[in-house]
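Just so you know, these numbers come straight off a predicted model, no measurement behind them.
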Amino acid sequence: ETCINCKNCRIVCPANCDASTDSRYYKEEHRRFALEPMFIAMNNPGLMRKGAAMAAMGMPLFNNNRPLRKLIENLSKPALKLDKDATLPKPSTNPFAVRFNKRLTGNARVAYFYGCADGFLENQTAEKIVRVFDMMGTSLDIPEQVCCGVPAESYGFTEYSRQAAGYNIESLNRYDYIITGCGTCVLMLKDYPHLFKSSEHLYKEAKKLAAKVHEVSEFLLKYGDNLNSAEKGKITYHDSCHLRCAGTESEPRQFIKELGLNYVEMDYADRCCGFAGTHYFTDPHESSRIFDIKRKSLDESGAEIVASCCPTCILQFAIQQTNARSVHPVSLIEINGKRG
């Protein structure tokens, strides 16, 4: 019940135990059925865009309204409890997923899977990725897509994860490379084969897709051209748990170093930051306690910028401390003489 699905057990357990999968089986048998409409919407691009627009309009009405937040906390308990003390992310009033819906060049070998956070929340990562590829002269398609499926799977609604996987496999598999700036999306796209039986056609297609998926900084480390940064000061890196589980650890660090930046390693960089998808929203106090070791390590590193390849990790660092700016590594790239 208390597993936050960080999946670190898949990496560090000497007995190869996978508690996150055991937790999923448990949650499949003890579902919060009030969550089902959300997963239906997440598998429908049109509904997601409309829902994001409504959220952007409604957020200013209740985000700092304590009585209303308490009411929402009580009403949301049967589904996903939104704790009254949680700082809610700001939905974009002009989301990337709307502005760049189905950008198809006709000749691209690379497709961009932006994911829910970068697609619908207020941040600059997704647009910066597009600008970097435009600057390099590399064609980048943004095909229609739905949520990678992690939220549905995390709460035991595996059939919606399977549905999302089928949609994304069909949309993405015609490309040679799939890039994303979200460590969770990287892991889930690579993990799609586990959603299908080995005899099924989609299992074979999922295996093909898994071999094409790259975190964007890993991709740019291999194929980027003349990328630099004008940032000054010390920069450190925090590992996304899911990206570590996907096997990507050294590449983002090397990418930062090759931008010519003053990189410093911080202690416990591979420890979970505590945001863990939706865990922060349901228990921000425990989430903050998990972050305590990160806060101390970041302070001791002296870094002025902390980079991470996970939108919610970036958000956690922004919420929990003020000494360092939190960004995606791609945001550090200089575009036409301007900082990211």
Side-chain angles (χ1 to χ4, degrees), residues 4-6 32 34-42 47-99 114-127 147-148 150-152 154-155 181-185 238 240-242 272-292 294-295 306 308 310-322 324-328 331:
I4 61 175
N5 199 33
C6 72
R32 300 181 186 183
L35 280 170
E36 192 163 6
M38 180 176 74
F39 299 133
I40 292 172
M42 293 177 88
L47 283 178
M48 276 292 285
R49 287 191 280 270
K50 291 176 182 177
M54 292 175 63
M57 289 188 294
M59 188 68 72
L61 300 177
F62 68 85
N63 203 21
N64 296 312
N65 186 321
R66 295 293 293 179
L68 187 55
R69 284 294 302 274
K70 181 61 179 177
L71 175 63
I72 290 171
E73 178 184 299
N74 292 329
L75 292 174
S76 62
K77 282 180 181 178
L80 176 64
K81 187 190 81 170
L82 295 175
D83 191 287
K84 65 183 186 304
D85 295 326
T87 300
L88 301 180
K90 185 179 179 183
S92 175
T93 55
N94 189 20
F96 178 89
V98 174
R99 289 182 289 117
Y114 47 78
C116 299
D118 286 341
F120 294 99
L121 298 183
E122 191 68 60
N123 68 67
Q124 304 300 318
T125 303
E127 190 164 345
C147 173
C148 68
V150 162
S154 297
Y155 283 94
C182 174
T184 295
C185 293
H238 156 76
S240 153
C241 296
H242 289 171
C272 179
C273 72
F275 202 96
T278 58
H279 178 66
Y280 167 79
F281 301 120
T282 62
D283 195 342
H285 304 290
E286 181 181 70
S287 179
S288 181
R289 289 193 296 272
I290 295 172
F291 187 82
D292 281 344
K294 287 286 184 183
R295 187 181 296 107
V306 55
S308 181
C310 173
T312 55
C313 292
I314 293 169
L315 184 59
Q316 177 78 319
F317 275 88
I319 291 171
Q320 300 290 352
Q321 57 83 46
T322 57
R325 177 163 57 100
S326 55
V327 299
H328 190 283
S331 297

Side chain to side chain, Pro151 and Phe39, heavy atoms closer than 4.5 Å: yes

Note, Pro89 side chain near Phe281 side chain (heavy atom, < 4.5 Å): yes

Inter-residue atom distance His328.NE2 - Asp118.CG, 0.5 Å rounding: 7.5 Å

For the student: nearest non-hydrogen atoms of Ala117 and Pro311, plus distance: CB-CB, 3.5 Å

Ile290 CD1 to Arg295 CZ distance, which is reported to the nearest 0.5 Å: 12.0 Å

Glu122 CD to Ser92 OG distance, which is reported to the nearest 0.5 Å: 4.5 Å

More than 12 heavy atoms from other groups under 6.0 Å of NZ on Lys90: no

Exam field: side chain Lys84 to backbone Arg69, donor-acceptor pair closer than 3.5 Å: no

Exam field: side chain Arg32 to backbone Tyr155, donor-acceptor pair closer than 3.5 Å: no

Gap separating the CE atom of Met38 from the CE atom of Met48, nearest 0.5 angstrom: 9.0 Å

Gly274 versus Gln316, closest heavy-atom pair with distance: C-NE2, 3.7 Å

For the student: nearest non-hydrogen atoms of Asn5 and His242, plus distance: O-NE2, 2.8 Å

Minimal non-hydrogen separation, Asp85 against His285, with atom names: OD2-NE2, 2.9 Å

Derivation and outcome, side chain to side chain contact (heavy atoms under 4.5 Å, CB included), residues Tyr280 and Ile319: CA-CA 11 Å; Tyr280 167 79; Ile319 291 171; 3.6 Å; yes

Check: Glu286 and His279 side chains under 4.5 Å, non-hydrogen atoms: yes

Side-chain heavy atoms of Asp283 within contact of Asp83, under 4.5 Å: no

Phe317/Phe291 aromatic ring centres below 6.0 Å: yes

Close side-chain approach of Pro95 to Arg49, heavy-atom, < 4.5 Å: no

Separation of His238 NE2 from Ile314 CD1 (nearest 0.5 Å): 9.0 Å

Straight-line distance of Ser331 OG to Glu127 CD, nearest 0.5 Å: 11.0 Å

Heavy-atom pair of closest approach, residues Gly119 and Tyr114: CA-CD1, 3.6 Å

Nearest non-hydrogen partners of Ser240 and Gly183, listed with the distance: OG-CA, 4.0 Å

Cys272 side chain reached by Ile4 side chain, heavy atoms, under 4.5 Å: yes

